[in-house]
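Below is one structure; the comments refer to it alone.
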Amino acid sequence: MYEAGDRSRMHVDIGAALGSVADPGVDEDALDALDERVAAAHETIADGRAADEFGYAALNLPDRTDPQQIRDAVEPVADAEYVVTVGIGGSALGAKTITAALAADPDRHVILDNVDPEHVERTLADLPLEDTAVSVVSKSGTTAETLANFLVVREAYEARGVDWTERTVATTGESGPLRELADEEDLPTLPLPDGVPGRFAALSTVGLVPAAIMDLDIEGLLAGAGDVADDLGPSLYDTPAYAYGAVAYALEERGASVNAVMPYAERLEYFAEWFAQLWAESLGKDGRGQTPARALGATDQHSQLQLYRAGPRDKMVTVVRPRERADVPVPDPGHESLSYLAGADLGELLDAEYDATVASLSAAGRPAVELELDRLDAATLGELLYAMEAACVLVGELADVETFTQPAVEWGKRAARGLLAGDDTEETRTVADRPSYVIE
Ligand SMILES: O=P(O)(O)OC[C@H]1O[C@H](O)[C@H](O)[C@@H](O)[C@@H]1O
(Lines give C-alpha, C1' and ligand atoms only; values in the text may rest on other atoms or scores of the structure.)
Protein backbone atom coordinates (compact mmCIF):
# COMPACT_ATOMS: atom_id res chain seq x y z
CA MET A 1 0.00 0.00 0.00
CA TYR A 2 0.95 3.58 -0.61
CA GLU A 3 2.92 5.55 1.89
CA ALA A 4 3.52 9.27 1.55
CA GLY A 5 6.99 10.19 0.43
CA ASP A 6 7.79 6.65 -0.61
CA ARG A 7 6.46 6.09 -4.01
CA SER A 8 6.88 6.31 -7.74
CA ARG A 9 5.90 9.32 -9.82
CA MET A 10 4.63 10.47 -13.17
CA HIS A 11 6.81 12.66 -15.40
CA VAL A 12 5.76 14.88 -18.32
CA ASP A 13 8.30 15.66 -21.05
CA ILE A 14 7.27 18.32 -23.57
CA GLY A 15 10.67 18.56 -25.28
CA ALA A 16 9.54 16.86 -28.49
CA ALA A 17 6.65 19.33 -28.84
CA LEU A 18 8.75 22.50 -28.81
CA GLY A 19 8.92 24.75 -31.85
CA SER A 20 12.65 24.17 -32.15
CA VAL A 21 12.02 20.53 -33.12
CA ALA A 22 8.43 20.20 -34.27
CA ASP A 23 5.98 21.74 -36.70
CA PRO A 24 3.42 22.26 -35.40
CA GLY A 25 5.40 23.06 -32.29
CA VAL A 26 5.28 25.54 -29.43
CA ASP A 27 8.05 28.12 -29.19
CA GLU A 28 9.34 28.74 -25.71
CA ASP A 29 8.29 32.41 -25.97
CA ALA A 30 4.79 31.33 -26.80
CA LEU A 31 4.82 28.99 -23.84
CA ASP A 32 5.92 31.85 -21.57
CA ALA A 33 3.06 33.97 -22.87
CA LEU A 34 0.63 31.10 -22.43
CA ASP A 35 1.77 30.67 -18.85
CA GLU A 36 0.04 33.95 -17.95
CA ARG A 37 -3.22 32.56 -19.28
CA VAL A 38 -2.57 29.33 -17.37
CA ALA A 39 -2.31 31.40 -14.18
CA ALA A 40 -5.70 33.00 -14.86
CA ALA A 41 -7.24 29.65 -15.74
CA HIS A 42 -5.79 28.11 -12.60
CA GLU A 43 -7.50 30.80 -10.53
CA THR A 44 -10.85 29.96 -12.14
CA ILE A 45 -10.23 26.26 -11.49
CA ALA A 46 -9.19 26.87 -7.88
CA ASP A 47 -12.26 29.04 -7.27
CA GLY A 48 -14.48 26.43 -8.88
CA ARG A 49 -12.96 23.75 -6.68
CA ALA A 50 -13.30 25.85 -3.55
CA ALA A 51 -17.01 26.38 -4.28
CA ASP A 52 -17.49 22.76 -5.40
CA GLU A 53 -19.00 24.07 -8.62
CA PHE A 54 -20.39 21.65 -11.16
CA GLY A 55 -17.52 19.98 -12.98
CA TYR A 56 -14.72 21.59 -11.01
CA ALA A 57 -15.89 19.43 -8.09
CA ALA A 58 -14.36 16.47 -9.97
CA LEU A 59 -10.93 17.79 -9.10
CA ASN A 60 -11.79 17.42 -5.40
CA LEU A 61 -12.55 13.71 -5.65
CA PRO A 62 -9.26 12.44 -4.20
CA ASP A 63 -10.29 14.11 -0.93
CA ARG A 64 -14.00 13.47 -1.13
CA THR A 65 -14.09 9.83 -2.12
CA ASP A 66 -14.32 7.52 0.85
CA PRO A 67 -12.70 4.19 -0.07
CA GLN A 68 -14.08 2.55 3.06
CA GLN A 69 -17.63 3.39 2.04
CA ILE A 70 -17.01 1.56 -1.24
CA ARG A 71 -15.35 -1.41 0.46
CA ASP A 72 -18.30 -1.68 2.88
CA ALA A 73 -20.86 -1.54 0.06
CA VAL A 74 -19.16 -4.29 -1.94
CA GLU A 75 -18.54 -6.49 1.09
CA PRO A 76 -21.47 -8.85 0.28
CA VAL A 77 -19.97 -9.59 -3.15
CA ALA A 78 -16.26 -9.26 -2.32
CA ASP A 79 -15.70 -13.01 -2.66
CA ALA A 80 -16.75 -13.01 -6.33
CA GLU A 81 -14.30 -14.41 -8.83
CA TYR A 82 -15.56 -12.17 -11.64
CA VAL A 83 -17.14 -8.73 -11.88
CA VAL A 84 -19.32 -7.53 -14.69
CA THR A 85 -19.84 -3.80 -15.01
CA VAL A 86 -23.08 -2.79 -16.68
CA GLY A 87 -22.62 0.82 -17.71
CA ILE A 88 -21.43 2.90 -20.64
CA GLY A 89 -19.09 5.83 -21.26
CA GLY A 90 -18.00 7.41 -18.00
CA SER A 91 -19.89 4.72 -16.11
CA ALA A 92 -17.67 1.96 -17.51
CA LEU A 93 -14.39 3.24 -18.96
CA GLY A 94 -12.81 4.55 -15.76
CA ALA A 95 -13.63 1.35 -13.88
CA LYS A 96 -12.15 -0.81 -16.62
CA THR A 97 -9.09 1.42 -17.00
CA ILE A 98 -8.30 0.97 -13.32
CA THR A 99 -8.75 -2.80 -13.13
CA ALA A 100 -6.98 -3.35 -16.45
CA ALA A 101 -3.99 -1.39 -15.18
CA LEU A 102 -3.78 -2.78 -11.67
CA ALA A 103 -5.25 -6.27 -11.48
CA ALA A 104 -3.00 -9.31 -11.71
CA ASP A 105 -5.77 -10.93 -13.75
CA PRO A 106 -7.66 -8.12 -15.48
CA ASP A 107 -9.90 -10.61 -17.29
CA ARG A 108 -11.76 -11.03 -14.02
CA HIS A 109 -13.50 -7.73 -14.83
CA VAL A 110 -15.65 -7.58 -17.93
CA ILE A 111 -17.75 -4.67 -19.03
CA LEU A 112 -21.03 -4.67 -20.86
CA ASP A 113 -20.92 -1.21 -22.41
CA ASN A 114 -22.58 -2.09 -25.67
CA VAL A 115 -25.86 -3.65 -26.68
CA ASP A 116 -24.51 -5.80 -29.45
CA PRO A 117 -26.71 -8.86 -28.84
CA GLU A 118 -24.14 -11.48 -29.83
CA HIS A 119 -21.49 -9.93 -27.63
CA VAL A 120 -23.79 -9.68 -24.61
CA GLU A 121 -25.02 -13.22 -25.03
CA ARG A 122 -21.53 -14.66 -25.44
CA THR A 123 -20.11 -12.68 -22.52
CA LEU A 124 -22.83 -13.89 -20.18
CA ALA A 125 -22.62 -17.46 -21.45
CA ASP A 126 -18.89 -17.51 -20.66
CA LEU A 127 -19.24 -16.20 -17.10
CA PRO A 128 -19.81 -18.42 -14.04
CA LEU A 129 -22.70 -16.24 -12.85
CA GLU A 130 -22.90 -17.91 -9.43
CA ASP A 131 -19.41 -16.53 -8.89
CA THR A 132 -19.85 -13.17 -10.64
CA ALA A 133 -20.70 -9.81 -9.05
CA VAL A 134 -22.64 -7.20 -11.01
CA SER A 135 -21.82 -3.52 -10.76
CA VAL A 136 -24.55 -1.57 -12.51
CA VAL A 137 -23.72 2.09 -12.90
CA SER A 138 -25.65 4.97 -14.38
CA LYS A 139 -25.39 8.56 -13.31
CA SER A 140 -28.64 9.58 -14.95
CA GLY A 141 -30.25 6.22 -14.27
CA THR A 142 -31.93 6.48 -17.65
CA THR A 143 -29.33 5.35 -20.20
CA ALA A 144 -31.10 2.91 -22.52
CA GLU A 145 -28.10 0.66 -23.19
CA THR A 146 -27.33 0.24 -19.51
CA LEU A 147 -30.90 -0.45 -18.43
CA ALA A 148 -31.51 -2.87 -21.29
CA ASN A 149 -28.31 -4.76 -20.53
CA PHE A 150 -29.12 -4.85 -16.83
CA LEU A 151 -32.49 -6.45 -17.56
CA VAL A 152 -30.77 -9.01 -19.79
CA VAL A 153 -28.17 -9.73 -17.10
CA ARG A 154 -30.87 -10.24 -14.47
CA GLU A 155 -32.69 -12.65 -16.70
CA ALA A 156 -29.50 -14.60 -17.39
CA TYR A 157 -28.96 -15.02 -13.64
CA GLU A 158 -32.56 -16.14 -13.17
CA ALA A 159 -32.27 -18.59 -16.06
CA ARG A 160 -29.33 -20.20 -14.28
CA GLY A 161 -31.11 -20.24 -10.96
CA VAL A 162 -28.77 -17.69 -9.39
CA ASP A 163 -30.16 -14.91 -7.20
CA TRP A 164 -28.87 -11.73 -8.88
CA THR A 165 -30.11 -9.53 -6.04
CA GLU A 166 -27.45 -11.12 -3.82
CA ARG A 167 -24.71 -10.29 -6.27
CA THR A 168 -25.53 -6.80 -7.50
CA VAL A 169 -24.29 -3.37 -6.39
CA ALA A 170 -25.90 -0.32 -7.99
CA THR A 171 -24.27 3.09 -8.30
CA THR A 172 -26.74 5.75 -9.30
CA GLY A 173 -28.46 9.01 -8.34
CA GLU A 174 -31.29 9.57 -5.90
CA SER A 175 -34.00 9.21 -8.51
CA GLY A 176 -34.56 7.67 -11.91
CA PRO A 177 -35.40 4.20 -13.21
CA LEU A 178 -32.21 2.52 -12.00
CA ARG A 179 -32.73 3.89 -8.49
CA GLU A 180 -36.32 2.57 -8.56
CA LEU A 181 -35.15 -0.89 -9.66
CA ALA A 182 -32.47 -0.88 -6.97
CA ASP A 183 -34.92 0.20 -4.25
CA GLU A 184 -37.52 -2.35 -5.28
CA GLU A 185 -35.00 -5.15 -4.84
CA ASP A 186 -33.26 -3.63 -1.84
CA LEU A 187 -29.88 -3.74 -3.56
CA PRO A 188 -26.78 -2.29 -1.92
CA THR A 189 -26.34 1.10 -3.55
CA LEU A 190 -23.61 3.66 -3.68
CA PRO A 191 -24.27 7.36 -4.20
CA LEU A 192 -22.80 9.49 -6.95
CA PRO A 193 -20.40 12.29 -6.15
CA ASP A 194 -22.12 15.68 -6.35
CA GLY A 195 -21.40 17.86 -9.36
CA VAL A 196 -19.16 15.42 -11.23
CA PRO A 197 -19.81 14.56 -14.90
CA GLY A 198 -19.50 10.83 -15.59
CA ARG A 199 -16.30 11.06 -17.61
CA PHE A 200 -14.61 12.80 -14.66
CA ALA A 201 -15.86 10.25 -12.14
CA ALA A 202 -13.25 7.49 -12.35
CA LEU A 203 -11.90 8.40 -8.92
CA SER A 204 -15.28 8.05 -7.22
CA THR A 205 -17.85 5.35 -6.49
CA VAL A 206 -18.51 5.34 -10.26
CA GLY A 207 -15.03 4.06 -11.09
CA LEU A 208 -13.94 2.16 -8.00
CA VAL A 209 -16.49 -0.58 -7.32
CA PRO A 210 -14.90 -3.33 -9.44
CA ALA A 211 -11.45 -2.38 -8.16
CA ALA A 212 -12.74 -2.68 -4.58
CA ILE A 213 -14.34 -6.06 -5.30
CA MET A 214 -10.99 -7.19 -6.72
CA ASP A 215 -9.28 -5.81 -3.61
CA LEU A 216 -7.03 -3.45 -5.55
CA ASP A 217 -5.28 -0.54 -3.89
CA ILE A 218 -7.95 2.14 -4.30
CA GLU A 219 -6.50 4.04 -1.35
CA GLY A 220 -3.16 4.29 -3.17
CA LEU A 221 -4.89 5.38 -6.35
CA LEU A 222 -6.67 8.21 -4.53
CA ALA A 223 -3.49 9.17 -2.70
CA GLY A 224 -1.54 9.47 -5.97
CA ALA A 225 -4.33 11.57 -7.47
CA GLY A 226 -4.43 13.65 -4.29
CA ASP A 227 -0.76 14.49 -4.62
CA VAL A 228 -1.37 15.97 -8.08
CA ALA A 229 -4.44 17.80 -6.76
CA ASP A 230 -2.39 19.34 -3.97
CA ASP A 231 0.31 20.40 -6.40
CA LEU A 232 -1.86 22.25 -8.94
CA GLY A 233 -0.36 25.71 -9.12
CA PRO A 234 -0.49 28.83 -11.26
CA SER A 235 2.41 27.99 -13.59
CA LEU A 236 2.69 25.25 -16.17
CA TYR A 237 6.41 25.10 -15.40
CA ASP A 238 5.62 23.81 -11.90
CA THR A 239 2.54 21.77 -12.73
CA PRO A 240 3.06 18.81 -15.06
CA ALA A 241 -0.69 18.32 -15.56
CA TYR A 242 -1.03 21.89 -16.78
CA ALA A 243 2.12 21.57 -18.90
CA TYR A 244 0.44 18.72 -20.77
CA GLY A 245 -2.83 20.63 -21.16
CA ALA A 246 -1.18 23.88 -22.20
CA VAL A 247 0.98 22.17 -24.82
CA ALA A 248 -1.98 20.20 -26.19
CA TYR A 249 -3.95 23.44 -26.40
CA ALA A 250 -1.11 25.34 -28.08
CA LEU A 251 -0.55 22.52 -30.56
CA GLU A 252 -4.24 22.42 -31.41
CA GLU A 253 -4.13 26.17 -32.04
CA ARG A 254 -1.25 25.51 -34.42
CA GLY A 255 -3.04 22.80 -36.35
CA ALA A 256 -2.73 19.59 -34.32
CA SER A 257 -6.40 18.70 -34.48
CA VAL A 258 -5.66 15.05 -33.63
CA ASN A 259 -4.20 13.78 -30.36
CA ALA A 260 -2.99 10.20 -30.81
CA VAL A 261 -2.57 8.54 -27.43
CA MET A 262 -0.17 5.64 -27.56
CA PRO A 263 0.58 3.79 -24.34
CA TYR A 264 3.51 1.37 -24.46
CA ALA A 265 1.88 -1.07 -22.05
CA GLU A 266 -0.99 -3.43 -22.68
CA ARG A 267 -2.23 -2.69 -19.19
CA LEU A 268 -2.79 0.92 -20.27
CA GLU A 269 -4.70 0.16 -23.45
CA TYR A 270 -7.96 1.11 -21.75
CA PHE A 271 -6.41 4.33 -20.55
CA ALA A 272 -6.46 5.49 -24.18
CA GLU A 273 -10.17 4.62 -24.37
CA TRP A 274 -10.90 6.53 -21.20
CA PHE A 275 -8.82 9.51 -22.39
CA ALA A 276 -10.72 9.53 -25.68
CA GLN A 277 -14.06 10.09 -23.95
CA LEU A 278 -12.61 12.65 -21.56
CA TRP A 279 -11.02 14.69 -24.32
CA ALA A 280 -13.71 14.33 -26.99
CA GLU A 281 -16.81 14.87 -24.89
CA SER A 282 -15.29 17.68 -22.85
CA LEU A 283 -13.53 19.66 -25.54
CA GLY A 284 -15.43 18.90 -28.76
CA LYS A 285 -17.49 22.09 -28.71
CA ASP A 286 -18.03 25.25 -30.76
CA GLY A 287 -16.23 23.88 -33.79
CA ARG A 288 -13.07 23.02 -31.90
CA GLY A 289 -11.47 20.19 -29.95
CA GLN A 290 -8.78 17.64 -30.73
CA THR A 291 -9.89 14.30 -32.10
CA PRO A 292 -8.44 11.64 -29.82
CA ALA A 293 -6.95 8.68 -31.66
CA ARG A 294 -6.31 5.43 -29.82
CA ALA A 295 -3.12 3.53 -30.45
CA LEU A 296 -0.99 0.97 -28.65
CA GLY A 297 2.76 0.74 -28.69
CA ALA A 298 4.53 -1.18 -30.09
CA THR A 299 1.64 -2.85 -31.98
CA ASP A 300 0.51 0.29 -33.78
CA GLN A 301 4.00 1.27 -34.83
CA HIS A 302 3.36 -1.37 -37.43
CA SER A 303 0.06 0.09 -38.55
CA GLN A 304 -0.52 3.78 -37.71
CA LEU A 305 2.95 5.25 -37.20
CA GLN A 306 3.49 5.77 -40.92
CA LEU A 307 0.60 8.24 -40.91
CA TYR A 308 1.73 9.95 -37.71
CA ARG A 309 5.22 10.47 -39.10
CA ALA A 310 4.49 11.27 -42.72
CA GLY A 311 0.80 12.13 -43.05
CA PRO A 312 -0.76 15.57 -42.61
CA ARG A 313 0.81 17.81 -39.98
CA ASP A 314 -2.40 17.76 -37.97
CA LYS A 315 -1.40 15.51 -35.09
CA MET A 316 0.34 15.35 -31.79
CA VAL A 317 1.31 12.01 -30.35
CA THR A 318 1.07 11.35 -26.62
CA VAL A 319 3.22 8.39 -25.65
CA VAL A 320 2.89 6.79 -22.23
CA ARG A 321 5.06 4.19 -20.53
CA PRO A 322 6.11 2.78 -17.21
CA ARG A 323 9.88 3.01 -16.82
CA GLU A 324 10.07 -0.18 -14.82
CA ARG A 325 8.61 -3.40 -16.14
CA ALA A 326 8.59 -7.12 -15.41
CA ASP A 327 11.55 -9.06 -16.82
CA VAL A 328 10.96 -11.55 -19.60
CA PRO A 329 14.34 -12.41 -21.12
CA VAL A 330 14.44 -13.36 -24.78
CA PRO A 331 15.92 -16.87 -24.99
CA ASP A 332 19.25 -17.22 -26.75
CA PRO A 333 18.36 -17.07 -30.46
CA GLY A 334 21.20 -19.42 -31.45
CA HIS A 335 21.19 -17.84 -34.85
CA GLU A 336 23.62 -15.29 -36.27
CA SER A 337 20.93 -13.15 -37.95
CA LEU A 338 19.12 -12.72 -34.61
CA SER A 339 22.25 -11.95 -32.60
CA TYR A 340 20.93 -8.46 -31.76
CA LEU A 341 18.33 -10.18 -29.54
CA ALA A 342 20.95 -12.10 -27.57
CA GLY A 343 20.72 -11.17 -23.89
CA ALA A 344 17.76 -8.87 -24.54
CA ASP A 345 14.56 -8.66 -22.57
CA LEU A 346 11.03 -8.06 -23.96
CA GLY A 347 10.69 -4.90 -21.88
CA GLU A 348 14.01 -3.64 -23.18
CA LEU A 349 12.79 -4.21 -26.72
CA LEU A 350 9.54 -2.35 -25.97
CA ASP A 351 11.50 0.54 -24.46
CA ALA A 352 13.78 0.66 -27.47
CA GLU A 353 10.69 0.85 -29.68
CA TYR A 354 9.28 3.66 -27.55
CA ASP A 355 12.53 5.64 -27.72
CA ALA A 356 12.77 5.03 -31.44
CA THR A 357 9.19 6.23 -32.00
CA VAL A 358 9.70 9.50 -30.15
CA ALA A 359 13.01 10.05 -31.90
CA SER A 360 11.62 9.21 -35.30
CA LEU A 361 8.67 11.57 -34.84
CA SER A 362 11.07 14.31 -33.76
CA ALA A 363 13.37 13.64 -36.69
CA ALA A 364 10.36 14.22 -38.95
CA GLY A 365 9.39 17.35 -37.01
CA ARG A 366 6.19 15.82 -35.61
CA PRO A 367 5.22 16.82 -32.06
CA ALA A 368 5.13 14.28 -29.25
CA VAL A 369 4.65 14.55 -25.51
CA GLU A 370 5.94 11.85 -23.18
CA LEU A 371 4.10 10.74 -20.06
CA GLU A 372 6.31 8.39 -18.06
CA LEU A 373 5.51 6.58 -14.85
CA ASP A 374 8.35 5.31 -12.68
CA ARG A 375 6.32 2.11 -12.66
CA LEU A 376 2.69 1.30 -13.19
CA ASP A 377 1.15 1.10 -9.74
CA ALA A 378 -1.93 2.45 -8.00
CA ALA A 379 -0.34 5.78 -7.06
CA THR A 380 1.08 6.57 -10.50
CA LEU A 381 -2.16 5.53 -12.17
CA GLY A 382 -4.01 7.90 -9.84
CA GLU A 383 -1.59 10.64 -10.83
CA LEU A 384 -2.02 9.93 -14.51
CA LEU A 385 -5.83 9.91 -14.43
CA TYR A 386 -6.04 13.03 -12.29
CA ALA A 387 -3.40 14.86 -14.33
CA MET A 388 -5.30 14.21 -17.55
CA GLU A 389 -8.52 15.45 -15.98
CA ALA A 390 -6.82 18.62 -14.76
CA ALA A 391 -5.20 19.05 -18.18
CA CYS A 392 -8.59 18.69 -19.82
CA VAL A 393 -10.20 21.27 -17.55
CA LEU A 394 -7.31 23.64 -18.27
CA VAL A 395 -7.71 23.21 -22.04
CA GLY A 396 -11.43 23.92 -21.64
CA GLU A 397 -10.62 27.18 -19.85
CA LEU A 398 -8.03 28.23 -22.41
CA ALA A 399 -10.32 27.39 -25.32
CA ASP A 400 -13.31 28.94 -23.55
CA VAL A 401 -15.63 25.98 -24.06
CA GLU A 402 -18.14 24.39 -21.69
CA THR A 403 -16.00 21.48 -20.57
CA PHE A 404 -18.58 19.79 -18.39
CA THR A 405 -21.58 19.43 -20.68
CA GLN A 406 -22.29 17.08 -23.58
CA PRO A 407 -25.41 18.38 -25.37
CA ALA A 408 -24.61 16.60 -28.63
CA VAL A 409 -24.52 13.21 -26.90
CA GLU A 410 -27.71 13.90 -24.96
CA TRP A 411 -29.47 14.52 -28.28
CA GLY A 412 -28.64 11.00 -29.45
CA LYS A 413 -29.76 9.47 -26.14
CA ARG A 414 -33.15 11.21 -26.42
CA ALA A 415 -33.47 10.14 -30.05
CA ALA A 416 -32.78 6.47 -29.26
CA ARG A 417 -35.30 6.44 -26.41
CA GLY A 418 -37.90 8.20 -28.58
CA LEU A 419 -37.42 5.72 -31.42
CA LEU A 420 -37.85 2.71 -29.16
CA ALA A 421 -40.97 4.22 -27.57
CA GLY A 422 -42.39 5.12 -31.01
CA ASP A 423 -42.69 8.78 -29.94
CA ASP A 424 -43.10 11.67 -32.33
CA THR A 425 -40.43 14.13 -31.16
CA GLU A 426 -38.10 16.62 -32.79
CA GLU A 427 -35.32 14.01 -32.54
CA THR A 428 -37.32 11.13 -34.00
CA ARG A 429 -38.54 13.33 -36.86
CA THR A 430 -34.94 14.30 -37.60
CA VAL A 431 -34.00 10.60 -37.67
CA ALA A 432 -36.87 9.86 -40.07
CA ASP A 433 -35.85 12.75 -42.33
CA ARG A 434 -32.13 12.09 -42.32
CA PRO A 435 -30.35 12.39 -45.66
CA SER A 436 -29.95 9.32 -47.80
CA TYR A 437 -28.57 8.70 -51.30
CA VAL A 438 -28.25 4.96 -51.74
CA ILE A 439 -26.12 3.59 -54.53
CA GLU A 440 -26.44 -0.11 -55.23
O1 LIG B 1 -23.94 7.27 -16.39
P2 LIG B 1 -24.99 7.48 -17.40
O3 LIG B 1 -25.95 8.54 -17.03
O4 LIG B 1 -25.69 6.19 -17.73
O5 LIG B 1 -24.31 7.99 -18.70
C6 LIG B 1 -23.37 7.24 -19.44
C7 LIG B 1 -22.81 8.11 -20.53
O8 LIG B 1 -23.90 8.60 -21.25
C9 LIG B 1 -23.66 9.56 -22.26
O10 LIG B 1 -23.06 8.97 -23.34
C11 LIG B 1 -22.88 10.71 -21.74
O12 LIG B 1 -22.57 11.59 -22.76
C13 LIG B 1 -21.63 10.22 -21.08
O14 LIG B 1 -20.92 11.30 -20.55
C15 LIG B 1 -21.98 9.27 -19.99
O16 LIG B 1 -20.80 8.83 -19.39
Side-chain angles (χ1 to χ4, degrees), residues 54-59 61 65 70 84-98 111-116 120 134-154 168-182 187 189-210 270-286 289 291-292 294 385 388-389 392-393 395-396 401-420 427 431:
F54 180 72
Y56 300 102
L59 297 179
L61 283 177
T65 301
I70 300 171
V84 57
T85 288
V86 183
I88 196 167
S91 289
L93 292 174
K96 184 62 189 168
T97 299
I98 292 165
I111 57 171
L112 288 179
D113 63 348
N114 199 352
V115 280
D116 180 329
V120 173
V134 180
S135 169
V136 55
V137 191
S138 178
K139 181 172 182 301
S140 60
T142 60
T143 303
E145 294 90 335
T146 300
L147 289 164
N149 271 340
F150 185 45
L151 295 173
V152 171
V153 167
R154 287 168 40 162
T168 302
V169 178
T171 305
T172 192
E174 277 162 27
S175 59
L178 181 57
R179 164 60 63 175
E180 286 161 25
L181 290 176
L187 302 179
T189 54
L190 277 161
L192 299 168
D194 285 336
V196 178
R199 59 186 171 278
F200 285 91
L203 299 168
S204 76
T205 50
V206 173
L208 296 178
V209 167
Y270 260 98
F271 163 74
E273 299 269 345
W274 171 84
F275 179 93
Q277 185 198 4
L278 179 75
W279 220 242
E281 232 178 37
S282 303
L283 304 174
K285 317 253 160 83
D286 307 336
T291 302
R294 287 164 267 189
L385 298 181
M388 293 302 103
E389 291 178 8
C392 180
V393 176
V395 176
V401 295
E402 284 203 19
T403 310
F404 304 117
T405 60
Q406 58 285 331
V409 187
E410 302 295 353
W411 192 99
K413 287 173 88 162
R414 282 195 304 277
R417 276 200 300 271
L419 286 173
L420 280 179
E427 288 87 3
V431 175

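Just so you know, residue 1 is the first one in the sequence shown, and it goes up from there. Every number for a ligand or one of its atoms is a count from 1 in the order of the listing.
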Residues K413, T143; criterion side chain to side chain donor-acceptor pair (under 3.5 Å); working and verdict | CA-CA 7 Å; K413 287 173 88 162; T143 303; 3.1 Å; yes
Judging by distance only, is a nitrogen or oxygen of S138 under 3.5 angstrom from one on ligand 1?
-> yes
Within a reach of under 6.0 Å around CD of E410, are more than 12 heavy atoms found that belong to other residues, nucleotides or ligands?
-> yes
From the list F54, Y56, F404, ring-ring contact (aromatic ring centres under 6.0 Å, His included) partner of F200 resolves to F404
Is L61 close to P193 at the side-chain level, that is, under 4.5 Å between some pair of heavy atoms?
-> yes
E273 and R294: salt bridge (Lys or Arg N to Asp or Glu O under 4.0 Å), yes or no, with the steps?
-> CA-CA 7 Å; E273 299 269 345; R294 287 164 267 189; 2.7 Å; yes
Check ligand 1 against [X] and write out every atom of the ligand that is under 4.0 Å from a heavy-atom position of the residue.
X	value
Q406	12 (O)
G89	16 (O)
K139	1 (O), 2 (P), 3 (O), 4 (O)
I88	6 (C), 7 (C), 16 (O)
S140	2 (P), 3 (O), 4 (O)

Look up atom CD1 in I88 and atom CG in N149, then write down how far apart they are to the nearest 0.5 Å.
-> 8.0 Å
Hey, is E410 one of the residues with a heavy atom under 4.0 angstrom from ligand 1?
-> no
